[in-house]
Amino acid sequence: MKEIDMIQKLSDFYKIFSDTTRLRIIEYLFDGKKCVNEISDNLKVSQSAISHQLKSLRQSDLVKTEKIGKLVYYELKDDHIKKIFESGLEHIKERL
């Protein structure tokens, strides 16, 4: 893969972190899998808005799903996502 293609993919990857609701969802999923209702209730954001953001996170391969009965649970795809989030937050805190 050409270097410019890799840089474009990296740019697209970081764009997913540019939305406050998506970041709040990512942080909430640190503790493990949650269903849309749990995420919505905790973040005080409508279920439709949460579902929309979860779709973006799934398409970006940051979260994975597991269907248990009638409910779909979401969790972080891997530990890299948490590390990227925490690293960015640590950088911001250094500047305060």
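Values below: all heavy atoms of this structure, side chains included; hydrogens, waters and symmetry mates excluded. Residue numbers run from 1 in the order of the sequence given.
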query = How many angstroms lie between atom CG of Asn37 and atom CG of Leu71, to the nearest 0.5 angstrom?
reply = 7.0 Å
query = Is there any ring-ring contact (aromatic ring centres under 6.0 Å, His included) pair reaching into residues 18-40, and which pairs are they, with sequence neighbours excluded?
reply = Phe30-Phe85
ask   = Can you check whether Leu29 reaches Ile39 side chain to side chain, under 4.5 Å on heavy atoms?
value = yes
request  = Decide yes or no for Val45 and Arg24: does some side-chain heavy atom of the first lie under 4.5 Å from some side-chain heavy atom of the second?
outcome  = yes
key: Minimum heavy-atom distance Ile50-Ser40, with the two atoms named   = CG1-CA, 3.9 Å
note = Residues Leu76 and Lys64: closest non-hydrogen pair is O-CE, 3.9 Å
Result block: side-chain N/O donor-acceptor pairs under 3.5 angstrom for residues 11-19, not counting sequence neighbours:
{"unit_1": "Asp12", "atom_1": "OD1", "unit_2": "Gln8", "atom_2": "NE2", "d": "3.0"}
{"unit_1": "Ser18", "atom_1": "OG", "unit_2": "Lys15", "atom_2": "O", "d": "2.6"}
{"unit_1": "Asp19", "atom_1": "OD2", "unit_2": "Thr21", "atom_2": "N", "d": "3.0"}
{"unit_1": "Asp19", "atom_1": "OD2", "unit_2": "Arg22", "atom_2": "N", "d": "2.9"}

task = Go through the structure and list residues passing side-chain hydrogen bond (donor to acceptor under 3.5 Å, both in side chains) with Asp61, not counting sequence neighbours.
result = Lys77
message = Can you list everything that forms a side-chain hydrogen bond (donor to acceptor under 3.5 Å, both in side chains) with Asp41? Sequence neighbours excluded, please.
response = none
key: Check against side-chain contact (heavy atoms from CB on, under 4.5 Å), Ile26 and Ile84   = CA-CA 11 Å; Ile26 288 169; Ile84 292 164; over 6 Å; no
key: Residues which pass side chain to side chain contact (heavy atoms under 4.5 Å, CB included) with Ser48, listed by chain and number, not counting sequence neighbours   = Ser46
ask   = Which residues satisfy the side chain to side chain contact (heavy atoms under 4.5 Å, CB included) test with Asp78, sequence neighbours excluded?
value = His80, Ile81
note = With sequence neighbours left out, the residues meeting side chain to side chain contact (heavy atoms under 4.5 Å, CB included) with His91 are Glu94, Arg95
message = Among residues at least two apart in sequence or on other chains, which ones pass side chain to side chain contact (heavy atoms under 4.5 Å, CB included) with Glu66?
response = Lys33, Ile68, Glu75
ring-ring contact (aromatic ring centres under 6.0 Å, His included) partners of residues 33-79, not counting sequence neighbours, each pair once = none
task = Kindly write out the residues that satisfy side-chain hydrogen bond (donor to acceptor under 3.5 Å, both in side chains) with Glu27, not counting sequence neighbours, or none if the list is empty.
result = none
